[in-house]
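Notes follow the structure.
Lettering of chains follows the sequences in order, A, B, ..., and the numbering in each one begins at 1. This one's a predicted model, so the numbers in the text were calculated from it and none came from an experiment.
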Protein chains: 2
Amino acid sequence: MDDLGQADRAEPEETRIRAARIQDVARLADVSTATVSRALATPDRVSPEARARVLEAIAKTGYVPNPAARSLRSQKTFMVLVVLPDLSNTFFSKILRGIEETLFEAGYGMIISDLDGSPEKEAHFAAFTAAGRVDGAILLNGHLFGQSREGEGQPARISIPLVALCEAIPGADVPQIEIDNRAAASRMTQHLASLGHRRIAYVSGPANNILERERFLGFKDGLEAAGLPFDPALVIPGDYTIEAGVRAGQDLVGRSTRPTAVFCTSDEMAIGLMRTLFSAGLRVPEDISVAGFDDIEFAAVAEPALTTIHQPRRELGQAAASALIDLLQGRPSPKRIRLETEIVIRDSVTSPWRKS
Amino acid sequence: MDDLGQADRAEPEETRIRAARIQDVARLADVSTATVSRALATPDRVSPEARARVLEAIAKTGYVPNPAARSLRSQKTFMVLVVLPDLSNTFFSKILRGIEETLFEAGYGMIISDLDGSPEKEAHFAAFTAAGRVDGAILLNGHLFGQSREGEGQPARISIPLVALCEAIPGADVPQIEIDNRAAASRMTQHLASLGHRRIAYVSGPANNILERERFLGFKDGLEAAGLPFDPALVIPGDYTIEAGVRAGQDLVGRSTRPTAVFCTSDEMAIGLMRTLFSAGLRVPEDISVAGFDDIEFAAVAEPALTTIHQPRRELGQAAASALIDLLQGRPSPKRIRLETEIVIRDSVTSPWRKS
DNA sequence: AAGTTGCATGTAATCGATTACATAGGGTGA
DNA sequence: TCACCCTATGTAATCGATTACATGCAACTT
């Protein structure tokens, strides 16, 4: 159960064991390196006997092909870059898991870049892909990256297969995996309206965010469908974080006339908001209904349990990874996949009339 | 702002641009490839004029060194493997961010392996390190991995620098970055006891988990320090997940004599547990106090706000990454780093006498 | 002035696999 | 029996950088 990591304590520095190379396997199996390579890559182009000898030699030596050499020659790294804006966000980490799973099954490794709002990092990872360090990339950040120095000679713009996940990339011709944010937001808004809410507040995501734009449109769609007017005063700026929800709550608490329902575009914000309302002595949902977006794990155990929109996060990750793998292996890939969302009715939303 | 990923739409297949190689740069700068390489790796071993010409040529061509070639020759990948048991867990993702940050600054990339309890994956990633795909690894999973087939000839046991994060690896001689789980658990237990709690339940982590063992010992230490007896009936099995907390809550609700306080070894469990108690009509903390462990983001906005033990997660990640980088660059690395934890007093714990 | 030192640079070996091309031998058809 | 083809295998070029070693030249020492 333990093997690796014994460091070089026991043996003298010189005796440090070197990894077996294809040469060593070839010699041991009494074949050429070409045969070893073929025995692994295209087994049916090698005689059964030779193959058996090779496999035995591989087992004996513990040979593992050197990926650097392999990749140098074959121009394939079997690595995929995943670019995301915030690694510490629950929402993304569940998606990541779906991605990792699928990539792993297909024999690909995953390199993660947490962009962290830093353009410097963005440039770095652009170079990263350009250097051929990965075969493809999944972007969760809503835009392509790259150092566009058009002035200079001819910047190396290598293109590798890309997939956009969650946040569509406007104008880019890459497969998009997403949910229908607009429709989902509209549906939730109509749900609130159907319960009798007429003053519905909206806590937004970051202003220039594509998700946010879609959801905001959906919110307006929903109001319109329900015959309600849009009131800009009921739009509260946010950025998907718990803190933003807390701030939005403070804003609401301070108002003389309050909405009867609040639609938060992330569960984090909804939970932060409920917390603040609660501290101020307001009851959810009796005094004010709160709806979220995403259906993170904590939504179900929030107090009260959060009514929200379920996003199939793991499946999103899997779908994105599959699409990328299709691309990488030269298969046709779907241009756009829209996974279904679902309203999850819990306890944080009720009719405005039913005062407890 | 967009550059990469234009795919090969415009130009015909054949014209696909190939990345600039060191040769191209050398020709353009009218120097040898060796000089180009040196201009990048050891700038002061190259004349200022040559260096300038090289840099200009690099800018013109957009040259980025091919990592496969580089790594093949120099046996360095500038990649670090991070092995963790569950990527989708909030606790880990914050740590990951700390790791990524620090690695990035030092020029290292991060490859993630979500073990997901699968031994198959474990073996795969053992081979991964053996193949020299990464320069070092950070292990969050509490044990070394590796295919120890002692029987066979001489299995390739390559050793790369390792660092154990959070979960110490028993018997392994690698730097450990951790918090003092035992002391922290003891402190929390004593805190509860000092408020007057005499029947304190303990919701555990997974049975064979090292963290769990430490915390459990700490729990017993705390009881002993407070002069309280240890009652096995008050130990409820868990596994750090929200669901485990829910189950533990159901267990408690069903009991005739209940503890006055519950110490959960993760915030997730504490939140799930409070949820269940609440549904059953019990009040926290009036009827029962609940304490957590970790201080995840949601602890502060739970209802009631959770009293817990703060772990400096980002700093843990940073410290681990720094230690590994020290190792990788041949500097001495601290054998063990223990970061301080802190009890965060919020609203979920109170004295058992103060019935609301 | 001859010898020594040291810097800037070039030449070419090297890392470890993949794979185009060459070749030997066995089988088949005429 | 000969020509041909197909299969299994080997030989060696190749991927793109790093770096040991060699070289040429200038400056400095005595």
Residues B:Y108, B:L328; criterion side-chain contact (heavy atoms from CB on, under 4.5 Å); working and verdict: CA-CA 11 Å; B:Y108 285 83; B:L328 291 177; 3.5 Å; yes

Nearest heavy-atom neighbours spanning A:G136 and A:L324: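 Residues A:G136 and A:L324, closest heavy atoms: C-CD2, 4.0 Å.
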
Closest contact, heavy atoms only, A:A69 versus B:L72: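 Nearest pair, atom of A:A69 first, then B:L72: CB-CD1, 3.6 Å.
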
Side-chain N,O (A:Y63) to OP1/OP2 (C:dA17) below 4.0 Å: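 Yes.
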
Side-chain heavy atoms of B:L40 within contact of B:Y63, under 4.5 Å: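 They are in contact (side-chain heavy atoms under 4.5 Å apart), so the answer is yes.
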
B/S/- contact track for nucleotides 7-15 of chain C, protein heavy atom under 4.0 Å: -SBBBBBBB

Rounded to whole Å, how long is the line connecting atom [atom1] of [X] with atom [atom2] of [N]?
| X | N | atom1 | atom2 | value |
| --- | --- | --- | --- | --- |
| B:I22 | D:dA17 | CD1 | C1' | 6 Å |
| B:F78 | D:dA17 | CZ | P | 15 Å |
| A:K76 | C:dT18 | NZ | P | 13 Å |

With the criterion being N/O to N/O and under 3.5 Å, what pairs connect the protein with nucleotides 26-28 of chain D, and how long is each?
none

A:D86 with B:R97: basic N within carboxylate O range, under 4.0 Å: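 Result for this pair is yes, salt bridge flagged.
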
Residues B:K60 and B:E56 bridged, charged N to O under 4.0 Å: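 Yes, this pair counts.
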
Any donor-acceptor N/O pair, A:S322 side chain to A:Q318 backbone, under 3.5 Å: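 Judged by distance alone, yes, a pair lies under 3.5 Å.
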
A:R336 side-chain N/O to A:Q176 backbone N/O, donor-acceptor pair under 3.5 Å: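 No.
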
